[in-house]
Amino acid sequence: MILITGGAGYIGSHINKLLNKSGYDTLVLDNLVKGHEEAVKWGKFVNVDLGDENELKSVFETYDIEAVMHFAAFSSVAESVQEPEKYFKNNYENTRNLLKVMNEFGVKRIIFSSTAALYGIPETVPIKEDAPLQPINPYGESKLMVENLLKDESDFRGLKYVSLRYFNAAGADIDCEIGENHNPESHLIPLVLDAAIGKRDSISIFGDDYNTDDGTCVRDYIHVEDLADAHLKALQYLEEPFNDSNVFNLGNGSGFSVREVIDTCKKVTGVDFEVKTEGRREGDPDILIADAAKAREILKWEPKYPDLEDIVETAWNWHKKLNSNYIA
């Protein structure tokens with residue numbers, strides 16, 4: 001059985017679906033602070049907080065867990081700056097609890113949901129895994145602390161791990177059974193779609209004077225189903241006894257500007273809406289694009305949905321279902 005922490009959340013729920021379709025038994029662990037129980041349509045579900053070591057031990061005593069996929073974390077950069085202690089406790093301390101219990105029960109494989117935020121403002125793009133790790137906010141720092149902890153556990157306790165550094169997860173389940181549903185929402189595509197569906201009066205561009213073709217920030221968007229596929233391949237990688245712990249970037253290797261994303265959303269939805277330009281936000285790099293050649297080579301992973309229009313279309317299909325009360 002595969003334990004999926006944070007499996008009621010956006011990315012975790014898509015991995016849960018794919019694992020079940022691929023013949024794995026899954027156990028979703030989530031405290032539902034950010035996740036949604038209705039997104040757990042496959043496998044078993046337990047409502048447990050990773051900070052509760054006794055409850056965590058009970059889970060490992062009850063179920064025969066072979067490996068862990070660890071998504072449970074807070075992920076808002078802005079909130080992490082305002083409440084850093086909250087992020088270090090939830091993202092780092094709770095992961096340390098999880099690893100302690102895994103070690104106690106002899107579970108030696110984990111796939112970690114990491115982030116491109118580890119790279120901070122990159123010196124070169126596309127970004128490779130050996131680029132300097134210099135996060136510029138507590139969220140990124142908390143994830144780096146976990147990666148360092150995983151390395152120590154691997155070096156000294158025989159843990160085997162894969163850390164997957166995502167760039168910008170986007171889109172939704174092709175079958176429209178699950179999708180993105182954050183509260184509050186902070187991701188660009190669903191925010192733009194809120195404007196298209198009428199939940200927002202407008203969408204804001206924060207800075208149009210960056211060193212890019214149209215002056216707005218450029219990001220690497222990766223479809224959530226491609227992320228799920230990479231996790232499945234990472235699990236299969238760890239199932240091979242001679243494979244070592246490893247770190248992989250996950251991105252399409254191409255970037256789209258904020259303005260391109262907005263224009264694509266307008267094209268897909270057929271809706272025009274007001275776009276405002278405001279000042280820059282502190283700490284936004286001009287360009288973040290992944291070099292994912294290592295994942296392609298070692299994991300034999302290849303994104304199936306690299307086209308922005310396809311990504312937005314799946315997000316829009318889900319958005320209409322989630323917000324049906326806004327549709328006339």
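Below, all heavy atoms of this structure are taken into account, side chains as well, without hydrogens, waters or symmetry copies.
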Which side-chain N or O atoms in residues 225-233 pair as donor and acceptor under 3.5 Å with protein atoms at least two apart or in another chain?
residue, atom, partner, partner atom, Å
E225, OE2, I174, N, 2.8
D226, OD1, K304, N, 2.7
D226, OD2, K304, N, 3.3
D226, OD2, Y305, N, 3.0
D229, OD1, K233, NZ, 3.0
D229, OD2, K233, NZ, 3.2
H231, ND1, L227, O, 2.7
H231, NE2, Y166, OH, 2.7

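- The side-chain heavy atoms of N31 and N47, taken from C-beta on, include a pair separated by under 4.5 Å.
- Residues N103 and L159 form no side-chain contact, since every pair of their non-hydrogen atoms from C-beta on lies 4.5 Å or further apart.
- For the pair R280 and Y210, the cation sits on the ring face: its NZ or CZ lies under 6.0 Å from the ring centre, inside 45° of the axis.
- Checked by atom type and distance alone, the side chain of T277 never pairs as donor or acceptor with a backbone atom of I205 at under 3.5 Å.
- The shortest non-hydrogen separation linking I189 to A315 is CG2-CB, 4.0 Å.
- The heavy-atom pair separating D220 from G253 by the smallest distance is OD2-N, 2.9 Å.
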Worked check of side chain to side chain contact (heavy atoms under 4.5 Å, CB included) between I15 and F71: CA-CA 10 Å; I15 276 88; F71 301 94; 3.9 Å; yes
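- Under the salt bridge (charged side-chain N to carboxylate O under 4.0 Å, His left out) criterion, the residue pairs touching residues 255-269 are K266-D272, K267-E309, with sequence neighbours excluded.
- Applying the salt bridge (charged side-chain N to carboxylate O under 4.0 Å, His left out) test to pairs two or more places apart or on separate chains, none has a residue in residues 34-51.
- With sequence neighbours left out, Y87 forms a ring pair (Phe, Tyr, Trp, His ring centres under 6.0 Å) with F74.
- Checked against ring pair (Phe, Tyr, Trp, His ring centres under 6.0 Å), F60 has the following partners two or more places apart in sequence or in another chain: F105.
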Using side chain to side chain contact (heavy atoms under 4.5 Å, CB included), reason through F167 and N252 one step at a time and then give a plain yes or no. CA-CA 9 Å; F167 280 63; N252 282 312; over 6 Å; no
Set out, in order, the CA-CA distance, both residues' side-chain angles and the distance that settles salt bridge (charged side-chain N to carboxylate O under 4.0 Å, His left out) for E53 and K57, then state yes or no. CA-CA 6 Å; E53 191 176 323; K57 285 181 180 179; 3.6 Å; yes
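- A search for side chain to side chain donor-acceptor pair (under 3.5 Å) contacts involving D284 returns R281, not counting sequence neighbours.
- Listed by chain and number, the residues in a side chain to side chain donor-acceptor pair (under 3.5 Å) with R165 are Y119, E147 (sequence neighbours excluded).
- Between N317 and K320 the shortest side-chain heavy-atom distance falls below 4.5 Å.
- Listed by first and then second residue, the salt bridge (charged side-chain N to carboxylate O under 4.0 Å, His left out) pairs involving residues 69-84 are E79-K86 (not counting sequence neighbours).
- Looking at I4 and L29, their side chains never come closer than 4.5 Å, going by heavy atoms from C-beta outward.
- Considering every non-hydrogen atom in both S114 and S163, the closest pair reads CB-OG, 3.3 Å.
- Members clustered with I178: W42, by chain and number, using a 4.5 Å side-chain heavy-atom cutoff among hydrophobic residues.
- Under the 3.5 Å distance criterion, the side-chain polar atoms of S154 are left unmatched by any main-chain donor or acceptor of L150.
- With E66 contributing its side chain and I2 its backbone, the two residues share no donor-acceptor pair below 3.5 Å.
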Show the numbers, then the answer: is there a side chain to side chain contact (heavy atoms under 4.5 Å, CB included) between D286 and V218? CA-CA 6 Å; D286 296 59; V218 170; over 6 Å; no
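- Side-chain atoms of S202 never come within 3.5 Å of backbone atoms of E274 as a donor-acceptor pair (strictly under, hydrogens ignored).
- Annotation: side chain of T5 is in contact with side chain of L50 (closest heavy-atom distance under 4.5 Å).
- L191 CG to I262 CD1: the interatomic distance, rounded to the nearest 0.5 Å, is 10.0 Å.
- Side chain to side chain, H70 and T95 meet the donor-acceptor criterion of an N or O pair below 3.5 Å.
- Atoms CG and CD, from L235 and E240 in turn, are 11.0 Å apart once rounded to the nearest 0.5 Å.
- To the nearest 0.5 Å, atoms CG (N168) and CZ (F256) are separated by 11.5 Å.
- Residues V77 and S80 approach most closely at O-OG, 2.7 Å, considering heavy atoms.
- Between K300 and E297, the closest heavy-atom pair is NZ-O, 2.9 Å.
- For the residue pair D152/N148, the side-chain donor-acceptor check at 3.5 Å is not satisfied.
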Yes or no on side chain to side chain contact (heavy atoms under 4.5 Å, CB included) for I287 and N211, after CA distance, side-chain angles and deciding distance? CA-CA 8 Å; I287 302 173; N211 186 26; over 6 Å; no
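- A donor-acceptor pair is defined here as one N or O able to donate and one able to accept, closer than 3.5 Å; no such pair exists between the side chain of W316 and the backbone of L193.
- For R157, the CZ atom is loosely surrounded, since the number of other residues' heavy atoms within 6.0 Å does not exceed 12.
- To the nearest 0.5 Å, atoms CG (L250) and OG1 (T115) are separated by 11.0 Å.
- Within the hydrophobic cluster formed by Ile, Leu, Val, Met, Phe, Trp and Tyr side chains joined at under 4.5 Å, directly or through other members, F156 stands alone, with no partner residue.
- Shown are E129, K160, K294; of these, the side chain to side chain donor-acceptor pair (under 3.5 Å) with N246 is made only by K294.
- Nearest heavy-atom pair across V68 and M102 is CG2-SD, 3.8 Å.
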Between T26 and N20, is a side-chain hydrogen bond (donor to acceptor under 3.5 Å, both in side chains) present by the stated rule, with each step listed? CA-CA 7 Å; T26 60; N20 277 271; 2.8 Å; yes
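- Under the rule for a ring pair (Phe, Tyr, Trp, His ring centres under 6.0 Å), the partners of Y10 that lie at least two apart in sequence or sit in another chain are H14, H182.
- Among residue pairs with one or both ends in residues 5-17, those qualifying as salt bridge (charged side-chain N to carboxylate O under 4.0 Å, His left out) are K17-D173, K17-D175, K17-E177; sequence neighbours excluded.
- Annotation: the span from M69 atom CE to I111 atom CD1 amounts to 3.5 Å, rounded to 0.5 Å.
- Residues Y139 and S75 form a side-chain contact, since some pair of their non-hydrogen atoms from C-beta on lies under 4.5 Å apart.
- N249 CG to I289 CD1: the interatomic distance, rounded to the nearest 0.5 Å, is 12.5 Å.
- For N323 and K199, the side-chain atoms include at least one donor-acceptor pair closer than 3.5 Å.
- Within the 3.5 Å criterion, the main-chain N or O of D244 finds a donor-acceptor partner in the side chain of Y237.
- You'll find the side chain of N97 stays beyond 4.5 Å of the side chain of V101, heavy atoms only.
- L164 has its side chain out of reach of F112: every pair of non-hydrogen atoms, C-beta onward, lies at least 4.5 Å apart.
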